[in-house]
Amino acid sequence: MLFKQQAWLRQKLLVLGSLAVGSLLYLVARVGSLDRLQPLCPVEGRFGGARSQVELPLRALQFKRGLLHEFRKGNTSKEQVRLHDLVQQLPKAIIIGVRKGGTRALLEMLNLHPAVVKASQEIHFFDNDENYAKGIEWYRKKMPFSYPQQITIEKSPAYFITEEVPERIYKMNSSIKLLIIVREPTTRAISDYTQVLEGKERKNKTYYKFEKLAIDPNTCEVNTKYKAVRTSIYTKHLERWLKYFPIEQFHIVDGDRLITEPLPELQLVEKFLNLPPRISQYNLYFNATRGFYCLRFNIIFNKCLAGSKGRIHPEVDPSVITKLRKFFHPFNQKFYQITGRTLNWP
């Protein structure tokens, strides 16, 4: 009899132990990855003015991944949005360029932060006269729904090189934070060419070789009329922006480093935007098949950038590359001097 009671007791303890372990594993899975030991996400007065501190539960910020996604799909009513205090806010930071510098990668990586909400599409409000004429409320309604404590970010790389844009953004918000992501100028120009080339090939159209576009055949000098070359003269465009905004409102992101070592670059952006540090190495994992870092929001949801990213560049005459790098060198030096950031470019 005593033996049976002992066996029954052992069986009960085994069941209770299994339930405890199972519950613990479930809780770990539910908490997810982003600062699972941080109960609060302090979001302080980030963009000047009175420094008010608002504490919003981190889980509430992370809840945007579900609720906001459902609303965009049309599965959430306006009443539910109102009850959750969701609003469409003008951006407090904009990725203004540059084209083929890594703007999409930067935007998607910043969206890992629970206090950041991204606009899914390029709005092209400030660089498109027809869109700009629709007014600021039209622009606001293009923004995603977010909590008041969150920061909305959009990216339109054409902003950087379009003459009218700095003044237009200044009129909207003179204290806005501006992000510029750059790559080594010659590499960026070739990447720009590669994207256009792919579009031409899809339409069965022919296109000049890069060398013929980048070098003027009459003078054998760099062709500054070629848009891909002109865009890579970063200092010329930045000087136009500095007529409206102080250099302190700009942050330069190293697009080449974002590819090979993204976390340090993202941490610098977090600091620039006065966001509490939330993006960690856990959120970034290298995909050997793609050759790029992919994003991990939690133990369930992962995301890699579109397959169009990382196109294979055509071979370019080494002498043309040398000529372009020599041409860009003085502009690069001036860019370093203005921004206070020296990049590892040849």
State the [atom1]-[atom2] distance between [X] and [Y], to the nearest 0.5 angstrom.
X      : Y      : atom1 : atom2 : result
His237 : Phe331 : NE2   : CZ    : 10.0 Å
Phe292 : Asn287 : CZ    : CG    : 10.5 Å
Thr339 : Ile180 : OG1   : CD1   : 8.5 Å
Tyr208 : Lys200 : OH    : NZ    : 10.5 Å

- Check Leu178, Ile181, Ile161 against Ile96 for a side chain to side chain contact (heavy atoms under 4.5 Å, CB included) and give me the one that passes.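 That would be Leu178; it is the only one of Leu178, Ile181, Ile161 passing the side chain to side chain contact (heavy atoms under 4.5 Å, CB included) with Ile96.
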
Any donor-acceptor N/O pair, Arg168 side chain to Phe126 backbone, under 3.5 Å: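 At least one qualifying donor-acceptor pair exists.
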
Donor-acceptor under 3.5 Å (Glu122 side chain, Ser156 main chain)
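No, Glu122 side chain to Ser156 backbone: no donor-acceptor pair under 3.5 Å.
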
Is any side-chain heavy atom of [Y] closer than 4.5 Å to one of [X]?
X      : Y      : answer
Ile299 : Tyr282 : yes
Met143 : Ile123 : yes
Lys118 : Leu110 : no
Val316 : Tyr193 : no
Phe210 : Pro314 : no

Under 3.5 Å side-chain donor-acceptor pair for Lys334 and Thr235: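 Absent: no donor and acceptor within the cut-off.
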
When you measure from the centre of the six-membered ring of Phe272, is the NZ or CZ of Lys177 closer than 6.0 Å and no more than 45° off the axis?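 So Lys177 does make the cation-pi contact.
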
- Query: How about Phe125 and Tyr132: are their ring centres within less than 6.0 Å of each other?
  - Reply: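 They qualify: ring centres under 6.0 Å apart.
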
Got a salt bridge between [X] and [Y], using NZ or NE/NH1/NH2 to carboxylate O under 4.0 Å?
X      : Y      : result
Arg341 : Glu265 : yes
Glu198 : Arg202 : yes
Glu154 : Lys142 : no

query = Would you call the rings of Phe160 and Trp241 parallel, tilted or perpendicular if under 30° counts as parallel and over 60° as perpendicular?
reply =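 The rings of Phe160 and Trp241 lie parallel, inter-plane angle below 30°.
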
- Take the angle between the ring planes of Tyr336 and Trp345 and call it parallel below 30°, perpendicular above 60°, tilted in between.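 Answer is tilted, since the angle falls between 30° and 60°.
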
### Query
What about Leu263 and Leu268, same hydrophobic cluster or not, with Ile/Leu/Val/Met/Phe/Trp/Tyr joined at side-chain heavy-atom distances under 4.5 Å?
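No; tracing contacts between hydrophobic side chains, which count when under 4.5 Å, never links both residues.
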
